[in-house]
Amino acid sequence: MSLSIRNQIPGTVTAVTRGEVMATVKVRLAGGQDLTAAITLEAVEELGLTAGSAVRALVKSTEVSLATDGVDGLSIRNQLPGTVRDVATGGAMATVKVAVDGAELTAAITKDAATDLGLSAGSPVIALIKSTEVSLASA
């Protein structure tokens, strides 16, 4: 199956914490970073997710926010440091390619945000992704 989701990052499940309807799934990415996904218990069971399961973390580019400094006091669990590889701007939007250890992320942000943040190749950034915006697929 081909998907339009730009961010498809391989990893390994390290923990599953079950709730009544939802679960949080911790995933260790190839570069050593940890990512948290909040998915339904039904999905955990259908995918057979347990510690050691190989997965792909899927994140739409519109769900990746960027910061140029460390961010404290924020509920967003997934904060991946990286470096901008490329910025492509259009009339209203920009796509920003970010190299993180072991992977590349694409963020779709407004052109104004890219300009205000002064983003260009080589800029250090932190990719911010809410755990509820991370989907998992069996690898």
Side-chain angles (χ1 to χ4, degrees):
M1 170 186 345
S2 295
L3 297 173
S4 64
I5 297 174
R6 298 296 83 200
N7 301 308
Q8 301 182 27
I9 308 162
T12 303
V13 173
T14 58
V16 177
T17 304
R18 295 168 177 265
E20 291 180 27
V21 176
M22 300 287 290
T24 56
V25 180
K26 302 273 187 193
V27 177
R28 173 73 40 92
L29 304 179
Q33 315 90 317
D34 291 316
L35 192 70
T36 300
I39 62 175
T40 65
L41 274 178
E42 184 178 6
V44 167
E45 292 165 8
E46 285 178 5
L47 293 170
L49 299 179
T50 60
S53 297
V55 294
R56 293 185 83 66
L58 309 171
V59 182
K60 291 175 59 176
S61 59
T62 53
E63 300 303 333
V64 178
S65 297
L66 299 174
T68 55
D69 251 336
V71 182
D72 292 323
L74 191 64
S75 66
I76 297 175
R77 299 294 81 198
N78 301 308
Q79 300 186 24
L80 305 174
T83 304
V84 173
R85 279 203 183 158
D86 184 56
V87 179
T89 57
M93 297 295 290
T95 55
V96 182
K97 303 279 188 187
V98 178
V100 298
D101 285 345
E104 181 176 272
L105 293 173
T106 299
I109 62 175
T110 65
K111 178 182 171 184
D112 290 344
T115 300
D116 291 349
L117 293 172
L119 299 180
S120 62
S123 298
V125 292
I126 299 169
L128 306 166
I129 307 164
K130 290 178 64 173
S131 59
T132 53
E133 299 304 329
V134 177
S135 297
L136 298 175
S138 52

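Just so it is clear, the model here is predicted, and its values are computed rather than measured.
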Mind listing the closest non-hydrogen atom pair of Ser53 and Gly48 along with its distance? OG-O, 3.5 Å
Ala94 versus Ala114, closest heavy-atom pair with distance: CB-CB, 4.0 Å
Hey, are the side chains of Leu119 and Ile109 touching, using non-hydrogen atoms and a 4.5 Å cut-off? yes
Donor-acceptor pair, side chain of Arg28 and main chain of Lys26, under 3.5 angstrom: no
Can you establish whether the number of heavy atoms outside Glu104 located under 6.0 Å from its atom CD is more than 12? yes
Spell out, as yes or no, whether a donor-acceptor pair under 3.5 Å connects the side chain of Gln33 to the backbone of Asp101. yes
Going by the side chain to side chain contact (heavy atoms under 4.5 Å, CB included) test, name the single residue among Val55, Asp34, Thr14 that passes it with Val27. Val55
Show your working on side-chain contact (heavy atoms from CB on, under 4.5 Å) between Leu49 and Ile39 and close with a plain yes or no. CA-CA 11 Å; Leu49 299 179; Ile39 62 175; 3.9 Å; yes
State yes or no: do Val98 and Ile5 share one hydrophobic cluster built from I, L, V, M, F, W and Y residues joined by side-chain heavy-atom distances below 4.5 Å, directly or via other members? no
Separation between CD1 of Ile129 and CZ of Arg77, rounded to the nearest 0.5 Å: 13.5 Å
Minimum-distance pair of heavy atoms, taken over all atoms of Val100 and Gly82: CG1-CA, 4.1 Å
Give, for atom CD1 of Ile126 and atom CG of Asn78, the distance between the pair rounded to the nearest 0.5 Å. 13.0 Å
Measuring from atom OG of Ser75 to atom CG of Leu128, what distance do you get when rounded to the nearest 0.5 angstrom? 10.5 Å
List in chain and number order the residues that pass salt bridge (charged side-chain N to carboxylate O under 4.0 Å, His left out) with Asp86, two or more places apart in sequence or in another chain; answer none if no residue qualifies. none
Thr89 and Lys111: side chain donor to acceptor below 3.5 Å: no
When rounded to the nearest 0.5 angstrom, what is the spacing between CE in Met93 and CG in Asp112? 10.5 Å
Find out whether Thr106 and Val96 are in side-chain contact, i.e. whether some heavy atom of one side chain is under 4.5 Å from a heavy atom of the other. no
Just so I know, are the side chains of Val25 and Thr36 near enough to count as touching, which here means a heavy-atom distance under 4.5 Å? no
Side chains of Glu45 and Leu47: does their closest heavy-atom pair fall under 4.5 Å? no
Minimum heavy-atom separation for Ala57 to Leu136, with atom names? CA-CD2, 4.0 Å
What's the verdict on side-chain contact (heavy atoms from CB on, under 4.5 Å) for Leu105 and Ile9, showing C-alpha distance, side-chain angles and the deciding distance? CA-CA 8 Å; Leu105 293 173; Ile9 308 162; 3.2 Å; yes
Just grab all the side chain to side chain donor-acceptor pair (under 3.5 Å) pairs involving residues 127-139, residues at least two apart or on different chains. none
Is there a side-chain contact (heavy atoms from CB on, under 4.5 Å) between Leu74 and Gln79? Walk through the geometry before answering. CA-CA 10 Å; Leu74 191 64; Gln79 300 186 24; 4.3 Å; yes
side-chain contact (heavy atoms from CB on, under 4.5 Å) evaluation trace for Leu41 with Met22: CA-CA 5 Å; Leu41 274 178; Met22 300 287 290; over 6 Å; no
Sub-4.5 Å side-chain heavy-atom contact between Asn7 and Val64: yes
Hey, does Val13 have a side-chain heavy atom less than 4.5 Å from the side chain of Thr50? no
Okay, side chain of Arg56, backbone of Ala137: is any donor-acceptor separation there less than 3.5 Å? no
